[in-house]
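Along the sequence shown, residues are numbered consecutively beginning with 1. Hydrogens, waters and symmetry mates play no part in the numbers below; they use all other heavy atoms, side chains included.
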Amino acid sequence: MLKSLTALALVATPAIVMAAPMSDSAYVMKAGASDLFEIQSAQLMMDSQNPQIHDFATTMVQDHTQSTADVKAAAAEAQIMVTPPKLMPKQVRDIAALQKASGPARDALYIKQQKMAHQEALALHQGYASNGKSAPLKAVAAKIVPVIQHHIEMLGTMSTGAM
């Protein structure tokens, strides 16, 4: 009985994972890659026949262009060198997959990718806002969090013919 209760307690108790603090430059690099992926994938979706997808993609270009500018400004204020953003290998693969897909299947793939990308972006910005070292970058990360949360809410209401 005690073993059963201990096992139940372990399953029912959420794990607390303490991530190592991220360096300022790593945050800037990852935020830049995230925004670049959002912008490039959204640009590919501008010709979607689904008005929800088209509108979401338009919002992604606008909002992620703004967050890139905000992170760059905060990095400059913190005297952190910013290099041009580069996509991560998974992001390159995701862009390639979008380029190969078409129609409603492409829309569904885009939504699936966006849900994952926005969860990752949310974790990145929340983590830095909580544990970062640079005050200007922490402030911008905290400012970006509700924008990403809104994107996640938008994704939750989207539908495609292929899903």
Nearest-0.5 Å distance, OG1 of residue Thr65 to CG of residue Asp35: 8.0 Å
Interatomic distance, Ile80 atom CD1 to Asp24 atom CG [nearest 0.5 angstrom]: 4.0 Å
More than 12 heavy atoms of other groups within 6.0 Å of Gln49 CD: no
Gln40 side chain vs Ile95 backbone, donor-acceptor pair below 3.5 Å: no
Side chain to side chain, His54 and Met45, heavy atoms closer than 4.5 Å: no
Distance (rounded to the nearest 0.5 Å) between Met60 CE and Ile53 CD1: 11.0 Å
For Gln114, the option from Met154, Glu38, Met158, His151 that meets side chain to side chain contact (heavy atoms under 4.5 Å, CB included): Glu38
Residue pair Gln119 / Ile152, side-chain heavy-atom distance below 4.5 Å: yes
More than 12 heavy atoms from other groups under 6.0 Å of NZ on Lys138: yes
Between Ser34 and Glu120, a side-chain donor and acceptor under 3.5 Å: no
Heavy-atom check, side chain of Phe37 versus side chain of Lys90, under 4.5 Å: no
Any side-chain heavy-atom pair of Val61 and Gln43 under 4.5 Å: yes
CE (Met116) with more than 12 external heavy atoms under 6.0 Å: no
Note, Ile144 side chain near Val71 side chain (heavy atom, < 4.5 Å): yes
